[in-house]
Amino acid sequence: MSKSSKQYEPRKTEDEIYKKWENSGYFNPDNLDLSEDAPTYTIVLPPPNITDKLHLGHSSMLAIEDLLIRFHRMKGYRTLWLPGTDHAAIATQNVVEKKLLKETGKTRHDLGREKFLEEVWKFLKGTQSTILKQTRKMGASLDWSREAFTLDEPRQKAVTQMFVNMYEAGVIYQGERIVNWCPRCHSTLADDEVEHTKQKAKFYTFKYWQDFPIAISTTRPETKIGDTAVAVNPKDKRYKKFIGQEFAGEFCGIPLKIKIIADREVDMDFGTGALGVTPAHSMVDWKMAEENNLKIKKVINEDGNIHQGFGEFSGLPAKKAGQLVIKKLQENNLIEKELEIENNLSTCYRCDTAIEPLPSKQWFVSVDKKLERLGDKSLKEKAIEVAKNKEISFIPDRFEKRYINWMENLHDWCISRQIWFGHRIPVWYKKVKNKKQEIKNREIYVGVNPPKDIENWEQDSDVLDTWFSSGMWTFSTLGWPNTFQNGKKSGDLDKFHPTQVLETGYEILTLWVSRMIMMSLFAIGEIPFENVYLHGMVLDEKGKKMSKSKGNGINPLDVIEKFGTDAVRLSLLIGNTPGNDLRVGEEKIEGYRNFINKLWNINKYITNNMEARPPYSRDIDINLTLTLADKWILDKMKNLIGEVNSDIQNYRFSQAGEKLYDFTWRDFADWYLEISKFEENKIEKNIVLQTVLDDLLKLWHPFIPFITETIWQENKNTKSELLMISEFPKSKSYAKILNGWSDESKNDFDKIQKIITAIRNARAENKIEPTQKIQAVIYAGNKIDLLRKTKVLLESLRTGISELEIKKTGEKIPDAIYIKEGGIEIYLLGGIDKEEEKLRIGKEIENLTKYISGLENKLSNKSFTEKAPVNIVAEERKKFREAQSKKTELELHLKKLN
RNA sequence: GGACGAUUAGCUCAGCUGGUUAGAGCGCUUCCCUUACAAGGAAGAAGUCACUGGUUCGAAUCCAGUAUCGUCCACCA
């Protein structure tokens with residue numbers, strides 16, 4: 001790139017830089033030049049869905065993780081960031097089904113399982129790795145040599161092995177249970193995959209038949225033909241006498257036997273205070289049925305139609321059956337009330353179809369079974385324990401409470417899904433037929449490999465919940481089970497597990513994080529990660545979720561093209577705090593683009609003003625003669641390094657970024673570079689400039705890798721080929737040179753800054769033409785040294801002061817702007833409006849008076865002086881004295897003006 | 001119903017374990033194209049830190065309550 005370009009053009013360099021990094025091989029920790037005992041630092045990338053495209057949420061995640069990774073790599077850790085994708089069973093199958101229907105008009109059933117899966121894989125060939133390719137655009141320094149997919153061969157093996165292990169340990173079992181059934185997807189949904197929305201519904205109050213004693217209410221009349229009980233609250237006086245009785249009758253032509261049961265869960269004030277129990281089609285009712293030994297009648301089948309055995313209702317879609325029930329009730333005059341109410345509708349998170357609760361045979365992971373390998377604790381207990389004893393910490397820590405609360409209420413996890421795409425359950429059934437050729441007593445085989453006489457067996461048609469395979473992500477990607485034999489870790493698993501941080505969105509804390517913890521505890525008896533960093537959602541500038549349909553989303557690839565990756569990364573890092581949502585609009589990105597450009601120009605200025613770059617050195621030579629400004633910037637840098645280190649280590653990325661931003665722009669560019677324009681000591685100046693710039697680039701690199709590496713590459717004096725693997729700065733290296741830097745001289749520079757600012761203000765207020773020269777007379781007292789430095793600054797900062805006289809003592813000059821700062825008095829002559837000057841000083845005195853009286857109150861308060869820490873009281877006293885003497889000076893001056 | 005948050009400048013948000021006259025970015029006002037940068041520079045206005053109590057020498061910060069908003073979970077027959 002030509003050095004004369006005024007603006008940084010990321011488009012021209014980013015891809016090239018990324019290639020350079022990738023070709024270097026340093027994304028792979030095996031290639032890093034490290035000693036044997038270097039500590040490891042591992043993050044596994046939460047695998048995005050294979051059909052995903054990069055959105056701003058991904059970008060935010062990548063920016064945070066890459067920051068951590070680059071920071072630790074530069075810190076000398078054996079750093080691994082492991083990439084991969086998730087097959088997202090239901091989501092992916094849905095996408096392909098939709099596509100199929102649109103293009104050929106066929107459903108998956110038309111194709112059959114094998115053909116359909118072929119279609120899925122064909123589709124995936126086209127989209128696979130799109131997301132990962134886009135990930136590179138974000139500058140993510142992932143080790144591509146270890147890339148994994150939740151459904152590739154090694155992971156299939158791992159998942160199958162895990163299933164078998166859990167089955168053999170009795171953790172996985174088959175059971176009948178009410179599940180959330182989506183009649184459209186033909187699949188069960190996990191509780192967390194069900195969405196609840198409000199809807200208006202007709203709420204009917206009726207009696208099963210004329211002489212039935214209790215009226216009940218429902219929004220789902222069709223299920224009532226499967227009722228086996230009516231539940232009332234045990235405290236309900238109206239119904240108490242019926243409890244335990246049984247009634248038989250005919251409801252809409254269907255014979256029913258209804259038992260009256262008592263249950264505390266029943267709300268006496270809702271409806272009639274009595275609830276018709278339909279065990280097969282409601283979670284609550286199922287529980288009551290289990291407790292009361294009620295008969296379970298399945299009314300609705302998997303297609304959403306009425307089951308066989310219900311006379312004229314059989315085969316009708318549920319909705320129509322409901323209408324028919326109502327019609328019949330009306331005919332028989334059984335309806336007492338009809339209300340419009342708002343209730344909750346459970347829908348499928350994928351297709352929005354209403355959920356049908358159904359009893360069904362499913363595979364479960366028991367969270368309550370005590371396991372010998374976990375010290376006779378259950379998965380649930382152990383997973384809670386590791387959070388409580390801080391083996392795993394949460395950032396921010398409030399999520400620990402949330403996690404524990406969720407875990408304590410956890411039920412067994414249904415892991416079978418009635419779809420085709422995914423890890424097929426490694427269970428086979430042998431068809432054992434009786435004389436009548438009916439299938440009886442199916443024999444079960446569970447194993448890693450199919451049974452030998454496979455032709456006699458049939459594999460379970462279900463696949464596993466996608467979280468089952470992603471729950472194994474930390475170790476299935478590190479070679480498990482091959483790297484875990486006889487209870488011993490080897491290879492990658494030994495080197496990199498447990499990982500250090502899991503960085504993910506808080507919305508999947510329960511969905512994913514909790515399962516990873518349980519799976520890892522079961523499989524290798526250790527936690528999967530030491531820390532869980534939870535980020536919020538990325539929202540648009542109005543605080544709305546970004547979505548394609550609303551069109552309010554920012555496409556990261558667009559803004560990367562427009563503003564550059566670094567600007568995008570910075571706007572996702574600064575202002576982003578753990579666990580909180582982040583609003584991002586283009587304006588914000590634009591702002592950080594401007595900053596990136598500033599950094600570019602800082603380098604350009606330094607380059608242009610250096611005849612030759614000094615050689616790189618880790619420590620600055622003590623024998624250099626440094627100016628006040630040099631020491632000031634080096635001291636600032638030293639502190640900055642310390643703070644950035646500690647901020648990043650404590651996950652305060654936003655604060656680290658803000659401090660860096662402030663230092664770069666305000667301290668380094670606005671002050672130090674301006675001063676450097678006139679200070680003469682060339683060699684020393686160059687060394688300081690070079691040192692600060694080098695360290696600044698390193699500090700910035702984890703945040704904005706592209707521009708920092710680009711500049712690094714242009715400055716060919718550097719020791720390390722790549723900024724990416726150079727050593728992260730330590731404040732120690734500044735300690736020597738700053739030895740003689742006292743607190744006093746530190747304050748001197750602050751005073752100079754104040755003086756100059758004051759002069760600028762004075763000029764602005766008096767509206768002196770920029771070309772107009774003014775005179776300044778400065779009285780130094782005993783601060784001659786500081787004044788010399790100030791003089792140089794003033795002259796060079798184009799304050800327009802033509803004559804500067806430094807005097808030890810002297811007459812006070814009445815018609816002048818008076819400035820007193822740090823024991824120095826300055827009179828500016830020329831172009832002064834007396835009235836305005838009086839006003840200015842008056843205002844200043846007013847402010848001071850307020851301040852002083854505040855301090856006075858505080859200091860006269862005995863409880864403060866006696867109880868507050870000594871150093872704080874002393875500080876306040878000092879402030880009080882300083883303010884008072886300044887006030888006296890100003891008052892004197894004001895008198896003279898009058 | 002259960003759990004967890006949020007409320008600070010016109011807008012978006014920082015403010016770590018209580019301690020200067022509460023900060024930043026954007027926006028706004030005035031001035032300036034001074035050869036690193038107008039994607040820039042100099043200056044300025046703007047806040048009862050939601051409300052009410054409490055703890056403390058001292059509260060934006062800790063505690064309790066109120067109001068409003070939000071998220072997650074459960075779930076309504």
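These numbers come from the heavy atoms of this one structure, side chains and all, not from hydrogens, waters or symmetry mates.
Distance, A/Lys659 NZ to B/G25 P: 16 Å, rounded to whole Å. Rounding to whole angstrom units, CG of residue A/Asp581 and P of B/U71 are separated by 9 Å. Spacing between atom CG of A/Asn405 and atom P of B/A3 amounts to 8 Å, rounded to whole angstrom units. In this structure, A/Arg583 places its CZ atom 11 Å from P of B/A14, rounding to the nearest Å. In this structure, A/Asn594 atom CG and B/G25 atom C1' are separated by 11 Å, rounded to whole Å. Between A/Asp662 atom CG and B/G15 atom P the separation is 16 Å, expressed in whole Å. Atom P of nucleotide B/C75 and atom NE2 of A/His281 are separated by 17 Å, given to the nearest angstrom. In this structure, A/Lys588 places its NZ atom 12 Å from C1' of B/A24, rounding to the nearest Å.
Nucleotides B/C33 and B/A38 are separated by 14 Å at their P atoms, to the nearest Å. Nucleotides B/A3 and B/A45, compared at atom P, are 48 Å apart to the nearest Å. Taking atom C1' in both B/G15 and B/A60, one finds a spacing of 9 Å when rounded to whole Å. A distance of about 15 Å separates the P atoms of B/U52 and B/A59, rounded to the whole Å. Here the separation of B/C62 from B/G2, taken at their P atoms, is 24 Å to the nearest Å. If you take atom P in B/U61 and the same atom in B/C51, they sit 10 Å apart, rounded to whole Å. When the P atom is used for both B/G44 and B/C37, the distance is 26 Å, rounded to whole Å. Rounded to a whole angstrom, the distance from the C1' atom of B/G1 to that of B/G58 is 41 Å.
Judged by Watson-Crick or G-U wobble contacts below 3.5 Å, the nucleotide B/G10 has B/C26 as its partner. Across all strands shown, B/C57 is found opposite B/G19 as a Watson-Crick or G-U wobble partner, with both distances under 3.5 Å. Remark: B/A64 base-pairs with B/U52. Criterion, Watson-Crick or G-U wobble with two distances under 3.5 Å. Nucleotide B/U71: paired with B/A3 (Watson-Crick or G-U wobble, both distances less than 3.5 Å). Across all strands shown, B/A46 remains unpaired; no Watson-Crick or G-U wobble contact has both distances below 3.5 Å.
Listed nucleotides: B/C57, B/C16, B/C73. Nearest to the side chain of A/Arg652: B/C16. Checking B/A14, B/G25, B/C13 against every side-chain atom of A/Tyr661, the shortest atom distance belongs to B/G25. Residue A/Ser863 places its side chain closer to B/C57 than to any other of B/C13, B/A77, B/C57. Considering only the side chain of A/Arg666, B/G25 comes nearest among B/G25, B/G40, B/A3.
Aromatic pair A/Phe212/A/Phe242: ring centres not closer than 6.0 Å. Here A/Phe663 and A/Trp700 keep their ring centres 6.0 angstrom or further from each other.
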Output, in order, the C-alpha distance, side-chain angles, deciding distance and verdict of salt bridge (charged side-chain N to carboxylate O under 4.0 Å, His left out) for A/Glu875 and A/Lys878.
CA-CA 5 Å; A/Glu875 254 174 59; A/Lys878 198 176 148 200; over 6 Å; no
List the steps, then state whether ring pair (Phe, Tyr, Trp, His ring centres under 6.0 Å) holds for A/Tyr403 with A/Trp406.
CA-CA 5 Å; A/Tyr403 167 79; A/Trp406 153 270; 9.0 Å; no
Might you work through the ring pair (Phe, Tyr, Trp, His ring centres under 6.0 Å) test for A/Trp600 and A/Tyr605, ending with a clear yes or no?
CA-CA 9 Å; A/Trp600 177 251; A/Tyr605 170 77; over 10 Å; no
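Heavy atoms of A/Tyr506 sit under 4.0 angstrom from primed sugar atoms or phosphate atoms, though from no base atom. Base contact: A/Asn597 has a heavy atom under 4.0 Å from a base atom. Residue-level contact check: A/Thr865 touches neither bases nor backbone, having no heavy atom under 4.0 Å from any strand. Residue A/Ala669 is classed as a base contact, given a heavy-atom separation below 4.0 Å to a base. If you check every strand for non-hydrogen atoms under 4.0 Å, A/Ser654 touches nothing. Counting any heavy atom pair closer than 4.0 Å across all strands shown, A/Thr577 reaches sugar-phosphate atoms only and no base atom.
With sequence neighbours excluded, the residues forming a side chain to side chain donor-acceptor pair (under 3.5 Å) with A/Tyr208 are A/Asp227, listed by chain and number. Contacts of A/Arg881 classified as salt bridge (Lys or Arg N to Asp or Glu O under 4.0 Å), with partners at least two apart in sequence or in another chain: none. For A/Asn409, the side chain to side chain donor-acceptor pair (under 3.5 Å) test picks out no residue, with sequence neighbours left out. In this structure A/Tyr204 satisfies the ring-ring contact (aromatic ring centres under 6.0 Å, His included) test with no other residue, sequence neighbours excluded. When the side chain to side chain donor-acceptor pair (under 3.5 Å) test is applied to A/Lys879, the partners found at least two apart in sequence or on another chain are A/Glu876. In this view, A/Asn650 satisfies the side chain to side chain donor-acceptor pair (under 3.5 Å) rule with no residue, not counting sequence neighbours.
For B/A77, the OP1/OP2 oxygens have no side-chain nitrogen or oxygen of A/Arg220 closer than 4.0 Å. At B/A36, none of the side-chain N or O atoms of A/Thr607 fall inside 4.0 Å of OP1 or OP2 (strictly under the cut-off). Side-chain nitrogen and oxygen atoms of A/Gln655 include none within less than 4.0 Å of the OP1 or OP2 phosphate oxygen of B/C16.
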Set out, line by line, the N/O atom pairs under 3.5 Å between protein and nucleotides 4-7 of chain B.
residue: B/G5; atom: OP1; partner: A/Lys401; partner atom: NZ; Å: 3.1

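Toward the 5' end of RNA chain B, the nearer of the two residues A/Phe203 and A/Glu590, judged by each one's closest nucleotide, is A/Glu590. In terms of position along RNA chain B, the nucleotide closest to A/Gly591 lies nearer the 5' end than the nucleotide closest to the other residue of the pair A/Gly591 and A/Ser217.
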What does nucleotides 18-23 of chain B look like as a protein-contact string, B for base, S for sugar-phosphate only, - for none, at under 4.0 angstrom between heavy atoms?
-BBB--
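Residue pairs satisfying the salt bridge (charged side-chain N to carboxylate O under 4.0 Å, His left out) criterion with at least one member in residues 649-666 of chain A, sequence neighbours excluded, are listed as follows: A/Glu643-A/Lys659, A/Asp647-A/Arg652, A/Asp647-A/Lys659, A/Arg666-A/Asp670.
Electrostatic pairing of A/Glu586 and A/Lys588 does not count as a salt bridge here, judged by no charged N lying under 4.0 Å from a carboxylate O.
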